**Student:** 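Below: one structure in structure tokens.
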Amino acid sequence: MAVLPLFFFFFFFVFASAGSSSSSSSTSHVKGVEITEFASPDQRVNLSVYFESLNEPCATFIIKNLVEIFNKDLINIVNLQLVPWANASISNTNNTILCQNGPDECLLNSLEACVLNVSHDVNIQYALIFCFEFLALEGKHKKWQSCFNQLGLPKQPFLHCFNAGYGTQLGRLYVSQVARLSPRFTFLPWVLVNDKPLEKDYENFVSYVCKAYKGPLVPPACHRV
Ligand SMILES: *[C@@H]1O[C@H](CO)[C@@H](O)[C@H](O)[C@H]1NC(C)=O
Ligand SMILES: *[C@@H]1O[C@H](CO)[C@@H](O)[C@H](O)[C@H]1NC(C)=O
Ligand SMILES: *[C@@H]1O[C@H](CO)[C@@H](O)[C@H](O)[C@H]1NC(C)=O
Ligand SMILES: CC(=O)N[C@H]1CO[C@H](CO)[C@@H](O)[C@@H]1O
């Protein structure tokens, strides 16, 4: 799936560069972006997903629906913002961070925050979080370490973040980010496209992303919605 658009884009790029004195806006634009990208950062559609790691509808959305942006090359036009720790709270008696579904959820939230903190490659971020959430749905989230082997990723950088307690520190930052959400979520997952909540229609996020996208090289997935 990923090969075809890249192939076309490569030729478009070469063609545009070869047309020496051409000055159409799409040409100059294309010269300014990386060869693997369809849209420049400011043309990308912001897709935000607020979630909790042991929440079943969230896990289902991440595994079943969100995968569409990778299967359909929409990742090239999207700026994906995953927000774990979405329904955590800070205890006002002892200042510890509490998760709706208990300490196991806090642990998995920490790991996911570390994944987002350590890797800046959205493919790696998504692959690991997909793996954790897949295990969570099967009630096997305690086997999270197996995800690194399955994906052939070194676990040290992630474990370093986790063992240093950074995952929980980041959790506090996420809790304050969530507190600024307006309107506040009424259920999870809470999915927003360019800051607009999709509410109950969140499973149809692809059509909202396509409608919001104004950049060049519209991905094939958008021609069908
Ligand atoms: C902190 O307080 C919460 C209740 O607000 C309690 O559930 C938790 O066990 C306490 N943790 C510690 C470390 O005392
Ligand atoms: C958030 O967590 C609180 C308890 O910690 C729970 O009462 C509430 O229903 C949760 N909200 C959502 C949307 O899951
Ligand atoms: C997307 O978010 C970034 C900041 O994270 C912001 O600068 C940009 O304007 C947003 N784009 C849209 C279309 O809202
Ligand atoms: C790359 C990055 O975002 N690193 C951050 C990871 O989290 C720690 C602890 O909160 C920060 O200090 C880093 O800047």
Side-chain angles (χ1 to χ4, degrees), residues 29 32-34 37-63 65-66 69 74-110 112-113 116-117 119-122 125-126 133 136-137 141 165 167-203 205-219 222 225:
H29 174 77
V33 299
E34 282 178 44
E37 291 189 348
F38 283 78
S40 63
D42 62 330
Q43 286 171 327
R44 286 174 178 249
V45 177
N46 290 330
L47 175 63
S48 315
V49 180
Y50 289 73
F51 71 105
E52 271 297 342
S53 59
L54 292 186
N55 172 299
E56 194 175 323
C58 293
T60 303
F61 175 76
I62 288 170
I63 289 166
N65 303 106
L66 198 55
I69 67 174
L74 290 163
I75 194 60
N76 295 311
I77 64 163
V78 158
N79 174 24
L80 178 63
Q81 192 200 23
L82 292 169
V83 186
W85 289 103
N87 196 23
S89 57
I90 311 289
S91 154
N92 42 28
T93 53
N94 56 27
N95 202 36
T96 54
I97 195 161
L98 303 167
C99 295
Q100 186 187 351
N101 297 305
D104 276 12
E105 184 166 67
C106 283
L107 186 152
L108 207 60
N109 285 347
S110 290
E112 294 181 350
L116 297 166
N117 184 254
S119 171
H120 290 164
D121 178 338
V122 70
Q125 293 176 344
Y126 180 74
E133 293 301 324
L137 271 187
H141 53 272
T168 318
Q169 272 182 29
L170 294 161
R172 290 173 186 273
L173 295 177
Y174 283 122
V175 168
S176 51
Q177 179 181 342
V178 171
R180 291 192 298 270
L181 259 186
S182 173
R184 186 175 165 79
F185 62 81
T186 48
F187 61 88
L188 294 174
W190 195 244
V191 181
L192 300 93
V193 169
N194 285 343
D195 293 331
K196 187 182 180 298
L198 305 189
E199 310 209 356
K200 293 284 183 195
D201 208 20
Y202 67 92
E203 287 176 335
F205 72 99
V206 168
S207 64
Y208 291 87
V209 165
C210 289
K211 274 178 209 135
Y213 181 62
K214 304 284 183 269
L217 296 173
V218 175
C222 286
V225 295

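We count ligands from 1, going down the list as the structure has it; atoms in each ligand are counted the same way. Just so it is clear, the values below take in all heavy atoms, side chains as well, and ignore hydrogens, waters and symmetry mates. As the structure is a computational prediction, the values presented were derived from the model and not from experiment.
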**Student:** So, does N109 use its side chain to make a donor-acceptor pair with the main chain of S53 at under 3.5 Å?
**Tutor:**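 Checking the backbone N and O of S53 against the side chain of N109, a donor-acceptor pair under 3.5 Å is found.
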**Student:** Would you find a donor on one side and an acceptor on the other, under 3.5 Å apart, between the side chain of N194 and the backbone of N46?
**Tutor:**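 Checking the backbone N and O of N46 against the side chain of N194, a donor-acceptor pair under 3.5 Å is found.
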**Student:** Pick, from N79, N194, N46, the option with the minimum heavy-atom distance to atom 8 (C) of ligand 3.
**Tutor:**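 Looking at heavy atoms only, N46 sits closest to atom 8 (C) of ligand 3.
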**Student:** For S40 and D42, does a side-chain donor sit closer than 3.5 Å to a side-chain acceptor?
**Tutor:**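 Yes, a side-chain donor-acceptor pair sits under 3.5 Å.
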**Student:** Quick check, are the ring centers of F61 and Y202 under 6.0 angstrom apart?
**Tutor:**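 So the answer is yes for these two rings.
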**Student:** Main chain of I62, side chain of Y126: is a donor-acceptor contact present, judged purely on distance under 3.5 Å?
**Tutor:**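 Yes; at least one donor-acceptor contact below 3.5 Å.
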**Student:** For the atom pair NZ (K196) and OG (S48), what is the distance rounded to the nearest 0.5 Å?
**Tutor:**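 Rounded to the nearest 0.5 Å, the NZ-OG separation comes out at 13.5 Å.
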**Student:** Under a 4.5 Å cut-off applied to non-hydrogen side-chain atoms, are I77 and Q43 in contact?
**Tutor:**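 Side-chain contact under 4.5 Å: no.
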**Student:** From atom 14 (O) of ligand 3, is the closest protein heavy-atom distance below 4.0 Å?
**Tutor:**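 Yes, because at least one protein heavy atom sits under 4.0 Å from atom 14 (O) of ligand 3.
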**Student:** Geometry only, no angles: is N55 polar-contacting ligand 2 at N/O separations under 3.5 Å?
**Tutor:**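 Between N55 and ligand 2, no N or O pair is found under 3.5 Å apart.
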**Student:** Which ligand 2 atoms are under 4.0 Å away from a heavy-atom of F185?
**Tutor:**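 So the atoms of ligand 2 that pass are 13 (C).
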**Student:** For S91, take its heavy atoms, then give the atoms of ligand 1 lying under 4.0 Å from any of them.
**Tutor:**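 Ligand 1 atoms under the 4.0 Å threshold to S91: 2 (O), 5 (O).
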**Student:** How far is atom 1 (C) of ligand 2 from its nearest protein heavy atom, and which residue and atom is that?
**Tutor:**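 Of every protein heavy atom, N87 ND2, 1.5 Å lies nearest to atom 1 (C) of ligand 2.
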**Student:** Nearest to atom 6 (C) of ligand 1 by heavy atom, N94, I97, I90: which?
**Tutor:**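 When every heavy atom of N94, I97, I90 is considered, N94 comes closest to atom 6 (C) of ligand 1.
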**Student:** For atom 9 (O) of ligand 2, what is the nearest protein heavy atom, given as residue, atom name and distance?
**Tutor:**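 The closest one turns out to be Q100 NE2, 4.1 Å.
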**Student:** Can you figure out which of L98, N95, T96 has its heavy atom closest to atom 7 (O) of ligand 1?
**Tutor:**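 Looking at heavy atoms only, the winner is L98.
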**Student:** Please check atom 4 (C) of ligand 3 for a protein heavy-atom neighbour under 4.0 Å.
**Tutor:**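 False for atom 4 (C) of ligand 3.
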**Student:** Could you check whether atom 11 (N) of ligand 1 has a protein contact, counting only heavy atoms that fall below 4.0 angstrom?
**Tutor:**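 Yes, there is one.
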**Student:** Identify, by atom number and element, the atoms of ligand 1 in contact range of T93, meaning under 4.0 Å from any of its heavy atoms.
**Tutor:**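 Per the distance check, 2 (O), 5 (O).
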**Student:** Name the residue from N76, V209, I75 that meets the side-chain contact (heavy atoms from CB on, under 4.5 Å) definition with I69.
**Tutor:**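 Result for side-chain contact (heavy atoms from CB on, under 4.5 Å) with I69: I75.
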